[in-house]
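Per chain, numbering begins at 1; letters A, B, ... match sequence-line order.
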Amino acid sequence: MAGVVLKDIRKAYGQVKVLHGIDLDIGQGEFVVFVGPSGCGKSTLLRMISGLESITGGEMHIDGQLVNDVPPSRRGIAMVFQSYALYPHMTVYDNMAFGMRIARESRQEIDRRVRSAAEILQLTPYLDRLPKALSGGQRQRVAIGRAICRDPKVFLFDEPLSNLDAALRVATRIEIAKLKEQMPDTTMIYVTHDQVEAMTLADRIVVLSAGRIEQVGAPLELYEHPQNLFVARFIGSPAMNIIPATVTETGETTTVSLKGGKAVRVPVATAASQAGKAASFGVRPEDLFIATDGDYLFEGKVSIVEALGEVTLLYIEGLADHEPIIAKIPGILGVKKGDTMRFSADPKKLHLFDAEGKTYRSA
Amino acid sequence: MAGVVLKDIRKAYGQVKVLHGIDLDIGQGEFVVFVGPSGCGKSTLLRMISGLESITGGEMHIDGQLVNDVPPSRRGIAMVFQSYALYPHMTVYDNMAFGMRIARESRQEIDRRVRSAAEILQLTPYLDRLPKALSGGQRQRVAIGRAICRDPKVFLFDEPLSNLDAALRVATRIEIAKLKEQMPDTTMIYVTHDQVEAMTLADRIVVLSAGRIEQVGAPLELYEHPQNLFVARFIGSPAMNIIPATVTETGETTTVSLKGGKAVRVPVATAASQAGKAASFGVRPEDLFIATDGDYLFEGKVSIVEALGEVTLLYIEGLADHEPIIAKIPGILGVKKGDTMRFSADPKKLHLFDAEGKTYRSA
Amino acid sequence: QELKFPPGQDSRFNWKSYDDFKASHSSLKGQPLTVFGPWRGEDEALFTSVLNYFIAATGIDARYSSSENYEQQIVIDTQAGSPPNIAILPQPGLLADLAGKGFLVPLGDDYAKWIKENYGAGDSWIGYGTYKGKDGKEAFYAFPYKADVKSLVWYVPENFEEAGYEVPKTMEELFKLSDQIVEDGGVPWCIGLGSGGATGWPATDWVEDMMLRTQSPETYDKWVSNGIRFDDPAVVGAIDEFGKFAKNAKYVSGGIAAVASTDFRDSPKGLFDIPPKCYLHHQASFIPSFFPEGKELGKDADFFYMPTYASKPDLGKPVLGAGTLVAITKDSPAAKAFIEFLKTPIAHEVWMAQSGFLTPYKSVKPEAYGNDTLRKEGELLTTATTFRFDGSDLMPGKIGAGAFWTGMIDYVGGKDAKTVASDIQKAWDGLK
Amino acid sequence: MNAASTLRRIGLPRLIVHVSVLLICIVWLIPTLGIFVTSFRDPAQITSAGWWTAFTSSAQTTAVRLADPSAARQDGANHVISGSVFEPGQGGTVRAFGTRIAAPSEFTAGQAADLGEGETLTVNADGSYTYTKSAPFQGERGRRVYLTVATPPTFTTQNYNTVLTSQGIGQSFVNSLTVAIPSTIIPILIAAFAAYALSWMEFPGRALIIAMVVGLIVVPLQMSLIPLLRMYNEIGAFFGVPSRSYAGIWLAHSAFGMPLAIYLLRNYIAGLPKEVIESARVDGASDFEIFLKIVLPLSFPALASFAIFQFLWTWNDLLVAMVFLGTGKDQLVLTGALNALLGSQGGRWEILTASAFISILVPLIVFFALQRYLVRGLLAGSVKGG
Amino acid sequence: MVSQIVSAVGVVIAGVFACALYYWLSDKVLQIIFPVPKDNVRTASVNLNRRAVVRPWLFLGPALILLVVYLVYPVVATLLLSFYDRSGGSFVGFANYRWAFFDAQFRQSIFNNILWLAVVPAACTFFGLVIAVLTDRIWWGNLAKSLVFMPMAISFVGASVIWKFVYEYRGGNETQIGLLNAIVQTFGGTPQVWISMPFWNNFFLMVILIWIQTGFAMVILSAALRGIPEETIEAAVIDGANGWQIFWKIMVPQIWGTIAVVWTTITILVLKVFDIVLTMTNGQWNTMVLANLMFDWMFRGGGDSGRSAVIALVIMAAVTPIMIWNIRQAHRETGGH
Ligand SMILES: Nc1ncnc2c1ncn2[C@@H]1O[C@H](COP(=O)(O)OP(=O)(O)OP(=O)(O)O)[C@@H](O)[C@H]1O
Ligand SMILES: Nc1ncnc2c1ncn2[C@@H]1O[C@H](COP(=O)(O)OP(=O)(O)OP(=O)(O)O)[C@@H](O)[C@H]1O
Ligand SMILES: [Mg+2]
Ligand SMILES: [Mg+2]
């Protein structure tokens, strides 16, 4: 059982408290992705799992064993560092072979594994180069290669793809997915800022914020049912539009009046006590569509049009206080800046959060 | 005229030729984004513009002036390094203030600019820390802050957002866009792997591959009219699906027979001489939709379903040789692995490339 | 081992003594013997040529070694418990110290008696080899071998001849000659006190010579043992006597400032310059090795005895000298045999016949001296009525090789004799 | 891209840099140049004229004797002695001559000097002379005359010959190497291990040991000699082995260089990027392996620079060698052998200077050999971020 | 000769090999004593932690043994000796210390040493740094470095001859063979006896040590300079800093630790230096320094172990502030790790 269990894990650098008690139970063979804003403690947590960072408080178990005091080399882990951490005096080949040489693998085996990893990561032409003669992306790939060459119980990836181009990123992501499939018993813990990576790779996503876990769950669960405003805004890009609102009617469904003045009925049940309280109303940009019939959610003036080819982003001014509302409409549109437009959304896709930012349990 | 003009710029590291003659004319105030696969020479080109890398061949003009031998400090540039390059012995504040101190700005001015940059980049709490006590993303933000504090003629960004989380990334991207707007005369050159960044920020995108320019153009132009297979596949994520085909009918519109056997009519004019030749047929994942009526483009078995929330990616096995065809369908679908499905696409969105990978000029 | 002079062939040598020694010391073949001494370079080669006779006679495996820092080396070696068998040192003071710490083996009164009988001014020599041991008892520890004469003044006969100068017979004449030279537009003296880490020592020789020429030998002995204070008027007078030469700007080449800084090895070269930088140079018998190459002793350069005051006839003809003393630092039959060997004339003659060696041993054949100058110097030693060992070598190291030097430098640098002398006395007091 | 070429393009006129480096080099070089030139000069010249005059032709004043009166010929009323002032095979240009030592260059060459009493002397520039007298010459010896002779600059390799051909120099050279090489490698090895432990391993008392190391740099070598030699002697006596051996001096040199070695190496090793070491740790490498495979190769610049110094010190050392190896012929190190050439009173500048240059050679070779390890950018590309 | 060389090579290899063998063997032994079974993580990690406890001492062991035997033990012996008389025979209490306190020469030495400490480390570090930086920027830098390094390679005896030919004074109107006086003379000055010029002669001696030790500072600092990440310099270049600013604001702060190390090392070396003073003046003309004074008392005329021990202890005590500062530094570093 190469699961990883964290019990009230805490970390402080001197006076600076970075992690405030993380409880997490990662099953064997699970693929868990950590996401969270920059500086929230993802790398720190990963480094604590790897044993590189001492544990200030709490207990960590790997494979059912308390590992608080087990040195990194014994934890059966492989790690891709956010900052590459390549061996500058070794060629790419030797960088990848190092771990295996330490483990006294046979020459053929080393060669086979290194070459196959290099193949996957398109590094074959660079095997004889030193890290300093590689581009940023190439370095990062070497770091990944070094990890996948080994055969650990737990894989730790710290933003392994951040310096890769989209194509390579997709390809590598798929390779990682395949890798995972080939090693169903290997636990993988992955830190990323890329939504797509998180959504596609993860069995479960852990959303961290300021050293605390905000929500843990399957990717779609987080997307569809964020437990709080933070997760709602964090998952999905562009972020969910949030409009201040007041609860006007409670019951099986709830009616809120948006800041702009319009009342919206949301299929979420609320207790009567909530009536009159402040709330936040949320809708994802991609759930908005241009209202063609009379019924619409809101109306506004387009301030920016971003055509991405596949989709177009419309920034609508005038509703939320400082931020524009964003709508993501498929295809290339003929909309110009300054146009006034109306948007609508499927009621099922509407979100409602209470004054503390907690979600109202949806019906 | 702070334009940047590159004439047949070449670069070689000893025997290794990295850039093979880059011709590019960047107008003053233009926002140009370099994209291309990892290791294609983007950073190198940027570093040559900054003057950090010597020029092996060709001429470079900035502001109408030949700068081949002008030292970096005289070129009026600011740069964000791919590897941050923070001053390890200075606090975040000092890192950002350094350039201005060198330029003998007043204390108040320095303080104002640093604090406003820190505000934008959410770095205010860290101003007194040394780089080694920062997370990867925080370091990257400091690097950006350092550049935007200054007031250069040309901005160079080398993957400035790669270590940021999605939300911050969007926010920073928007800040950069704003920055651009505030300084209409400042030329910005930006390297990224992020399609969205490229598409949203760029006035023009330069697609590089293996040290050569593949295509230069406005974002949508590249998306809609890629000049060759490389650009077609590179722009857009997931990449355009390419299916080997043979030209069967030429003329106003062209008919090709796909590898799977099906014949497709594409509204592209071809010369008669092309008949019988090999071609590549392309269609973007997001342009595919599930065929509901009888007419369909192709049919296949779903091998992977990736639900991203907003959209679902379907990987269809069996058409192209080794790669699956990917379809990107909006929303969350009830499709399961193993289902057989049919897909169709708007004929206008179909692409056709000749044997060398060049696009047939679309009608 | 190759012997420099084939035994039995040259009648200048006492070959019989060699044969006798050989006959009586044949039982020690192969025994090891380590000899440590101050001689390096050419001197080392010369000493080795003597040692070879010892080796050839006894078959003892004798090895000689030296060191630039022999003073330091012998302190370390004896204290650390790995001394050589034989230590040869030019400083009785250092030997006395070693004896006091119990590192020397007494030679016995027989040797002392032998010295008394066979050496010129033998009593003096015994005195310099007799020290208090660890137990506080006096005993004879060090066998004198090889001497230097210090009371010499060097000059170039041809220059004297040309200028019509006569070798002075009395101190008064010496002053007159000096004045004469000044009058003729020349500079009489080359004095150089520089010697790197030992700068100042040549001045001590001057002062000692002047001591012997102004005070009785007994006063000299008291001075050396601090029986009279260093700032006693007698001593101060001697220093000033030296000052009459060294602190007279007209007398010294290069001016007074040059006296302290000129290296003693470079100093005599002035005699041979054209025109001569100076006509006179006071220095010990070893100095010819620093004469420019090709100067033939007796012809191109010669010496005369540093004269005495005609006004003080009762002081006689004192000779200041120095010498190396041989002590046993680790006893063994081979070591004893080596001392025994030094009693044979041949041990002296072999070196005499080459260069730079003087001996007070009366039984050696004077013919053996390599040249007339050496022989003349040798005669000074064997005929000396009063022989006194270099005082600074007898004083405690911190004085004789420290405060005294420094004091002399200060004196030449401008301080007056009285102050300098009481400074030295203060340092001496500090040792007690 | 290296910093050199980076800096090259940032202004600060390069000329200034070149000139100032040149200036510094000259200032640093001149004293050495002095003895270098001196080592090729004639011993007699060394103390009579500054070394910088060695390149110009010098005027030397010498004394010679003319042929003795028996060589005189009668020429009319005059008696004439003629010949050359130079010995056969010698040469030079006579500038001036004189007959009194007080005025050795009274007359210029070629001039007929009237010496009074009917004597005239002419010495020509080529050295030929005519000495005439109206009366017969008297005496046995020839007249002494003084010449100012211009001699072209001369250099001699004699000094080097003397040193290089002196007895036992080859042996002492080998001895020196036998002492210096292990005395360089052993302490570096030991110190590197210690420095690694002091920078990357956790254990109690670490700061204390670092402090001790710093404190021990100052221990004067001389203090240790007597207690140590006594210990060596006791050990030697106990085991019946010679107390003076190569092993003994290696250890002594190693120990004396140790505090500085640890101090310098620790400073460098502690500065290596943390992530690289962590990465190796995660890769399963033990501290031993990390040290051997990561730290050691990455510390080459520090190792090389310390190696240079330690080699220098051991190579130039005399004291420790004399005490722990002995002064016998077969144990003598090069410095000792060269020193022995100087003679008991020292002061043979020509030998000193020549041997200084002979003994400098090996350390310079070591410096050049190791200099290329003082490379830059060894860590480039390993980690990202400042 | 050949056999000598062969045996020397053999001895050298054997010696170095034996040393390397220790580390290899001790690690092997450690692995045998604390085995790490593949299957039992508990014992494995316990044993690994045990190894981690033992291993630093294995690494440090030889160094510590050498340090203790060759340096600590003599220091202790010295401490004891300082309470005994000149031959180490009888206990005299604090008499030697009392002597030192009242000795004029001792005070003189302290004063001179303070002068040396104030000038030499600063000058060496400064020149070393400047040369290291400048030579990095020119194509003949390596040559220049070798020239500056050369004095280090010269033995002290050689160095003293070199400087004799610089400071030599010839009286009157004789031709000067000392370079300095020759220069003074050409510029119309009066030649001086540099070595005996009171007070200033200290500085003339210091020049020699600076001349020698700058090479040391240069080599160490040069290595440190090369460890500076290129990017930071590039970033500063982009930020518009000129060479001077890059040097002071980017390079120097980043190698500050090394500068301190060089400074410390040279400071300590200065405390120990005596060869220069010994060969040039032997402490005369008021140039005595502590180390030379110690040497004097230790060996001259048989030596006085008690007093020399006191002086040695004073020298050692002088590094205490440096030690404290270094401990602080080490703490700070590990705090950052
Ligand atoms: N010093 C060098 N010597 C040899 N080749 C080099 C050197 N530096 C870079 N290269 C090569 O030059 C090519 C271009 O590198 P560059 O850093 O410009 O890539 P890039 O486009 O920025 O890639 P990435 O997106 O991964 O950062 C790469 O293939 C790299 O391996
Ligand atoms: N040595 C340190 N001392 C003090 N604070 C530190 C130190 N190292 C990291 N931190 C702080 O700890 C927090 C968590 O850092 P961590 O590297 O885990 O962030 P992260 O989630 O990985 O961020 P990113 O996505 O930007 O890499 C950050 O706020 C950072 O500033
Ligand atoms: Mg991180
Ligand atoms: Mg790059």
Quick one: closest heavy-atom pair of [X] and [Y], and the distance?
{"X": "D:L298", "Y": "A:P88", "value": "CD2-CG, 3.5 Å"}
{"X": "A:A85", "Y": "D:S279", "value": "O-OG, 3.4 Å"}
{"X": "D:P297", "Y": "A:H89", "value": "CB-CD2, 3.3 Å"}

Go through the atoms of [X] and report whether side chain, backbone, both or neither lie under 4.5 Å from a heavy atom of chain D.
{"X": "A:L52", "result": "both"}
{"X": "A:A103", "result": "neither"}
{"X": "A:R47", "result": "side chain"}

ask   = Quick one: of A:A133, A:G76, A:S50, A:P72, who has the most non-hydrogen atom pairs under 4.5 Å with chain D?
value =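 The candidate making the most pairs under 4.5 Å is A:P72.
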request  = For the residue pair A:M90 and D:I294, establish whether any side-chain heavy-atom pair is separated by less than 4.5 Å.
outcome  =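 Yes, close enough: below the 4.5 Å cut-off.
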message = Side chains of A:F81 and D:E278, heavy atoms from C-beta outward: is any pair under 4.5 Å?
response =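 In contact.
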Greater than 12 external heavy atoms within 6.0 Å of A:E119's CD =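 It does not: A:E119 CD has 12 such atoms or fewer within range.
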